[in-house]
Amino acid sequence: MYASDTYPNLPDPMVQPEFYYSVTIKRGLAWVIDAVLILALVVPIVVMTLFVALWFLPLLFFVVGFIYRVSTITGRSATWGMRIMSIEFRDSRGEHFDFSQAFMHTLGYTVSMSVFPLQLISIAMMFLTERGQGLTDMLLGTVAINRRA
C-alpha cells in the first residue's frame with residue numbers, strides 16, 4: 001500500500017495517484033476558505049476594540065491566523081478549509097500532525113508567506129514535485145493528501 005525510498009510510510013504517487021490527485025488546487029482553494037474564516041475571526045476583534053485594532057491590523061491578522069492554523073492542524077491534521085476540500089497533512093511516518101509538527105509547519109508557512117520569493121518557490125514546488133509538496137513540506141518531510149473516503 002505504501003512504498004517509496006524517500007517516504008516509505010506515505011502513499012507512493014506512482015502506485016496510488018488518487019492520494020495526490022488535484023491536491024495542489026485543493027490547497028489553493030482551502031487557503032481562500034481559511035483566509036475568509038480568519039477574517040471572520042478578526043472583524044469582531046476590531047469591532048470589540050472600537051476599531052483601535054485597525055492600527056495594527058496586519059499584526060492582528062497574522063496572530064489570529066497563526067493561532068487558527070496551529071489549533072486546527074493540531075486537531076485533525078487539517079485546517080477547516082482543508083477539511084472542506086477533503087485533504088489533510090501527514091508526516092513522514094504517514095501519521096497525523098501533533099502540536100509541534102503543526103506549529104513548525106505553520107511557522108514555515110508564515111516565513112514563506114512573509115518572503116515573497118519563498119512563496120513563489122513553494123507554489124512552484126507544489127505544482128512540480130510528484131507529491132505536490134511545498135517548500136515547508138519538503139523541509140519537514142510532510143505531505144498533503146486526499147483524505148480516505
Side-chain angles (χ1 to χ4, degrees), residues 6-7 9-11 13 16-149:
T6 309
Y7 302 102
N9 297 313
L10 293 173
Q16 296 174 302
E18 65 274 8
F19 280 100
Y20 302 98
Y21 180 73
S22 70
V23 168
T24 301
I25 300 300
K26 289 180 179 182
R27 283 179 86 166
L29 294 171
W31 182 86
V32 171
I33 294 167
D34 289 330
V36 170
L37 291 172
I38 293 166
L39 181 62
L41 295 171
V42 167
V43 168
I45 295 170
V46 170
V47 172
M48 287 187 296
T49 63
L50 302 174
F51 299 92
V52 172
L54 288 175
W55 290 101
F56 53 92
L57 188 61
L59 178 63
L60 179 62
F61 203 90
F62 163 78
V63 170
V64 171
F66 197 93
I67 293 168
Y68 164 83
R69 289 182 193 287
V70 171
S71 63
T72 57
I73 293 172
T74 298
R76 290 179 34 203
S77 219
T79 64
W80 290 337
M82 292 172 70
R83 292 174 198 173
I84 290 168
M85 298 308 300
S86 295
I87 56 176
E88 64 186 7
F89 286 122
R90 293 297 178 103
D91 65 13
S92 60
R93 298 179 314 255
E95 297 176 7
H96 290 261
F97 283 13
D98 58 19
F99 173 79
S100 63
Q101 291 167 321
F103 182 87
M104 292 305 294
H105 198 279
T106 302
L107 182 62
Y109 161 80
T110 302
V111 169
S112 69
M113 286 296 284
S114 300
V115 181
F116 187 68
L118 292 179
Q119 186 59 23
L120 288 178
I121 291 167
S122 188
I123 291 168
M125 289 175 69
M126 285 183 210
F127 281 105
L128 299 174
T129 60
E130 66 178 357
R131 286 189 165 84
Q133 294 170 291
L135 189 57
T136 301
D137 295 317
M138 290 296 255
L139 291 173
L140 297 177
T142 60
V143 67
I145 61 173
N146 287 310
R147 278 196 321 234
R148 290 182 187 258

Reported CG-to-CE distance for the pair D98 and M104, which is rounded to 0.5 angstrom: 11.5 Å
- line: Here the gap from L128 atom CG to T24 atom OG1, rounded to the nearest 0.5 Å, amounts to 9.0 Å
task: Starting from the C-alpha separation in whole Å, work towards a yes-or-no answer on side-chain contact (heavy atoms from CB on, under 4.5 Å) for R147 and I87.
output: CA-CA 5 Å; R147 278 196 321 234; I87 56 176; 6.0 Å; no
query: After noting the C-alpha distance and the side-chain angles of F103 and I73, does the key distance pass the side-chain contact (heavy atoms from CB on, under 4.5 Å) rule?
result: CA-CA 9 Å; F103 182 87; I73 293 172; over 6 Å; no
- prompt: Within a strict 4.5 Å, meaning less than it, do heavy atoms of the L10 and F19 side chains meet?
  reply: no
- prompt: What distance do H105 atom NE2 and T136 atom OG1 have between them, rounded to the nearest 0.5 Å?
  reply: 5.5 Å
message: Could you tell me if the side chain of L41 sits less than 4.5 Å from the side chain of I45, heavy atoms only?
response: no
message: For a 4.5 angstrom cut-off between non-hydrogen side-chain atoms, does Q133 reach T142?
response: no
query: How long is the gap from CD1 on I33 to CD1 on I38, to the nearest 0.5 Å?
result: 12.0 Å
Side chains of residues 53-70: which donor-acceptor partners sit under 3.5 Å, not counting sequence neighbours?
from : atom 1 : to   : atom 2 : distance (Å)
Y68  : OH     : D34  : OD1    : 2.5
Y68  : OH     : W80  : N      : 3.3
R69  : NH2    : Y109 : OH     : 3.1

- request: Using a 4.5 Å cut-off on heavy atoms from C-beta on, say whether the side chain of R76 contacts that of R83.
  value: yes
- request: Give a yes or no on whether the backbone of M82 and the side-chain of T79 come within a donor-acceptor separation of less than 3.5 Å.
  value: yes
- request: Check whether any side-chain heavy atom of N146 sits under 4.5 Å from a side-chain heavy atom of K26, and report yes or no.
  value: yes
message: So does P13 get a backbone contact from the side chain of Q16, meaning a donor-acceptor N/O pair under 3.5 Å?
response: no
task: Indicate the atoms forming the closest heavy-atom contact of F99 with T74, along with that distance.
output: CA-OG1, 3.6 Å
- prompt: Taking all atoms of both residues into account, what is the closest heavy-atom pair of R131 and V143, and its distance?
  reply: O-CG2, 3.7 Å
message: Show, in sequence, the C-alpha distance, side-chain angles and deciding distance for D137 and F89, and conclude whether the side-chain contact (heavy atoms from CB on, under 4.5 Å) test is met.
response: CA-CA 9 Å; D137 295 317; F89 286 122; 3.9 Å; yes
query: Can you name the closest pair of heavy atoms from S122 and G134 and give their distance?
result: OG-CA, 3.5 Å
message: Which heavy atom of R90 sits nearest to which heavy atom of I145, and what is that distance?
response: CG-CD1, 3.7 Å
message: Less than 4.5 Å apart, side chain to side chain, heavy atoms only: is that true for M126 and R27?
response: yes
message: Is a donor from one side chain sitting under 3.5 angstrom from an acceptor on the other, for E88 and S77?
response: no
message: Test side-chain contact (heavy atoms from CB on, under 4.5 Å) on M138 and T129; report intermediate values, then the result.
response: CA-CA 10 Å; M138 290 296 255; T129 60; 4.3 Å; yes
